[in-house]
Colleague: 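Next up is a structure, given as structure tokens.
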Amino acid sequence: MADHIISHEPATGAELWRGRIGDVGEAVERARAAAPAWAREPHTRRIELVRRFANQVRKQAEPFAELIARETGKPLWEARTEVDAVIAKVEISVKAYSERTGAKKLDSALQGHAGLRHKPHGVMAVLGPYNFPAHLPNGHIVPALIAGNAVVFKPSEKTPAVGHFLVQCFHAARIPADVIQCVTGGPREGKALVEHPGIDGVLFTGSARAGIAINRRLADNPGKIVALEMGGNNPLVVADTPLVDDAAALIVQSAFTTAGQRCTAARRLIVVDAMYDRLIPALTTLTKRLIVGEPFADPQPFMGPVIDNATADLLTESHEVLVSRGGKPIVPIIRLQPDRPFLSPALLDTTDLAERPDIELFGPLLQVIRVADLEQAITVANDTRYGLSAALIGGSPEEYDRFWAEIRAGIINWNRPTTGASSAAPFGGIGLSGNHRPAAYYAADYCAYPVASNAVEQPRSTLGIGLSDAEVAPPPGWRKTVRDT
Ligand code: NAD
Ligand code: SIN
């Protein structure tokens with residue numbers, strides 16, 4: 001069995017990083033030992049330290065962005081926005097903590113003190129995906145630390161270098177090394193972490209497949225908090241609009257940013273009949289103009305490669321399967337280099353498929369479905385087990401109201417992309433997209449539990465009702481009954 005994880009740059013195939021697989025048991029033990037002191041630190045001190053972390057990231061912003069670009073293949077311009085999101089997360093989480101999980105005075109009788117406060121769970125496991133290897137795990141780690149938890153973080157086996165860089169920034173901010181640790185490993189170490197009895201909660205971002213496996217594994221442990229942020233099969237509906245070029249740009253941003261490797265990426269473009277012939281030529285032209293290239297290329301590409309060759313193979317094979325079932329390529333998917341995972345963005349009309357597989361194809365492949373009207377569009381959009389993001393382009397305010405009311409998803413936008421979710425809002429989905437523990441602004445909720453207290457300084461009490469003046473006589477014969485039994 002391999003004792004190392006090696007990551008390669010998707011764009012070049014060059015080895016980027018290698019590290020020994022971590023010892024999950026040891027990391028959890030160290031975290032358990034460190035957690036009580038961290039929880040006892042005044043909340044203001046923990047905030048001061050995470051702000052220092054933000055400053056560390058600011059200082060290292062450019063090398064951090066370069067590392068993200070190398071390890072994920074995303075263009076440098078986009079990697080820089082990921083670093084910005086890591087920094088911004090700190091102030092958002094400070095605000096969210098006090099607003100959602102801070103302390104509150106309640107009315108109390110007898111001049112006592114009644115209140116609501118929150119306590120950390122203890123040790124949290126954070127499992128990260130590869131597509132946002134810094135921003136997404138950071139979105140669990142920062143709120144968990146502010147709330148007073150220790151964290152054991154296992155980054156994706158595809159992006160361990162970014163995971164370690166992130167954790168070094170916490171350590172450089174003088175957050176104790178055992179309070180936030182990075183464990184190198186793959187799904188095997190992920191499973192070991194989830195199952196470890198010393199873990200009080202699992203904060204997971206990744207595929208529905210892995211999320212369901214984690215949920216199953218913890219079925220007998222209702223005491224562990226589990227937050228699952230999973231994938232989507234996200235619909236983007238186009239209703240009537242004269243702004244065809246703008247619609248095409250929104251579609252491209254929704255489907256092809258990050259080479260389609262966003263959980264919120266549009267997977268199904270549902271177009272009302274009246275728009276199809278006007279929209280598709282404009283969308284085709286724009287899609288064919290997108291530059292696919294290496295992360296540091298000049299001029300910068302719109303999108304880079306997908307994460308690895310296996311993923312590129314899966315996507316091209318899925319494209320072929322859909323074509324064999326009746327899908328009509330509008331812009332076919334092309335493997336741009338035989339040995340590297342650069343894929344051209346693809347549009348595939350799957351209107352005539354008897355059955356469209358309800359799976360997440362995590363890459364630059366957008367299925368196009370032609371429908372009669374908005375009513376049918378909503379029915380098709382909801383025909384999924386997932387429910388992460390959805391958007392409507394065009395239509396009237398009344399049609400958007402209807403869309404909003406009838407679509408089942410955690411993010412519902414109008415004339416905005418399905419992607420680019422705000423950290424200042426809750427971020428989560430329904431169905432296979434999550435377990436009703438949204439992240440981002442609501443991450444504070446799963447990082448601490450509420451404790452209601454009622455306290456009076458002296459134990460003074462009287463019974464105001466149900467007392468007789470003298471001792472109540474036992475019913476006749478009760479002693480005899482007791483002796484007889
Ligand atoms: P993945 O599920 O393969 O892996 C995510 C993490 O879980 C990795 O660290 C992996 O090692 C670990 N893991 C895998 N199987 C495990 C198991 N059985 N037990 C414990 N840990 C396990 O996901 P990925 O391929 O890295 O990321 C892409 C997926 O993430 C897509 O499905 C995407 O939609 C989803 N995603 C969701 C969100 C969200 O917030 N909803 C955000 C980004 C990505
Ligand atoms: C993601 O988390 O994968 C994407 C977030 C977004 O762009 O909405």
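Numbers here are sequence positions counted from 1.
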Colleague: Ignoring hydrogens, what is the shortest heavy-atom contact between Leu343 and Ala312? Give both atom names and the distance.
Modeller: CD1-CA, 4.0 Å

Colleague: Decide whether a cation-pi geometry holds between Lys74 and Phe132; the criteria are a distance under 6.0 Å from NZ or CZ to the six-membered ring centre and an angle within 45° of the ring axis.
Modeller: yes

Colleague: Tell me every residue that passes side-chain hydrogen bond (donor to acceptor under 3.5 Å, both in side chains) with Gln367, counting only those two or more places apart in sequence or in another chain.
Modeller: Thr350

Colleague: Residues two or more places apart in sequence or in another chain: which of them pass side-chain hydrogen bond (donor to acceptor under 3.5 Å, both in side chains) with Glu406?
Modeller: Arg402

Colleague: If you look only at pairs with a residue in residues 423-449, which of them pass as a salt bridge (Lys or Arg N to Asp or Glu O under 4.0 Å), with sequence neighbours excluded?
Modeller: Arg100-Asp445

Colleague: What residues, two or more places apart in sequence or in another chain, satisfy side-chain hydrogen bond (donor to acceptor under 3.5 Å, both in side chains) together with Arg58?
Modeller: Asn55

Colleague: side-chain contact (heavy atoms from CB on, under 4.5 Å) with Ile291: which residues, sequence neighbours excluded?
Modeller: Pro301

Colleague: Got a second to check how far His8's NE2 is from Arg70's CZ, nearest 0.5 Å?
Modeller: 14.5 Å

Colleague: Evaluate the criterion side chain to side chain donor-acceptor pair (under 3.5 Å) for residue pair Glu78 and Thr258; output intermediate values, then yes/no.
Modeller: CA-CA 8 Å; Glu78 197 192 340; Thr258 327; 2.5 Å; yes

Colleague: Is the number of heavy atoms from other residues, nucleotides or ligands within 6.0 Å of CZ (Arg385) greater than 12?
Modeller: yes

Colleague: Would you check if His171 and Val167 make a side-chain contact, meaning some heavy-atom pair closer than 4.5 Å?
Modeller: yes

Colleague: For Phe427, what residues pass the ring-ring contact (aromatic ring centres under 6.0 Å, His included) criterion, not counting sequence neighbours?
Modeller: none

Colleague: Side-chain donor-acceptor pairs under 3.5 Å in residues 151-163, sequence neighbours left out?
Modeller:
from	atom 1	to	atom 2	distance (Å)
Lys154	NZ	Gly185	O	3.0
Ser156	OG	Lys158	N	2.9

Colleague: Under 3.5 Å, sequence neighbours excluded: what are the donor-acceptor pairs made by side chains of residues 115-129?
Modeller:
from	atom 1	to	atom 2	distance (Å)
His118	ND1	Thr101	O	2.7
His118	ND1	Gly102	O	3.1
His121	NE2	Tyr446	O	3.2

Colleague: Which residues pass the side-chain hydrogen bond (donor to acceptor under 3.5 Å, both in side chains) test with Glu99, sequence neighbours left out?
Modeller: Tyr441

Colleague: For residues Pro345 and Leu290, report the shortest heavy-atom separation together with the two atoms involved.
Modeller: CG-CD1, 3.9 Å

Colleague: Scan for side chain to side chain donor-acceptor pair (under 3.5 Å) pairs involving residues 30-45, sequence neighbours excluded, and state none if there are none.
Modeller: Arg30-Asp178, Arg32-Asp200, Arg45-Glu48

Colleague: Answer whether the closest heavy-atom distance between the side chains of Ile412 and Leu392 falls below 4.5 Å.
Modeller: no

Colleague: Only counting residues at least two apart or in another chain, list the ones meeting ring-ring contact (aromatic ring centres under 6.0 Å, His included) with Phe165.
Modeller: Phe64

Colleague: Any ring pair (Phe, Tyr, Trp, His ring centres under 6.0 Å) involving residues 9-33? Give me the pairs, sequence neighbours left out, ordered by first then second residue.
Modeller: Trp17-His164

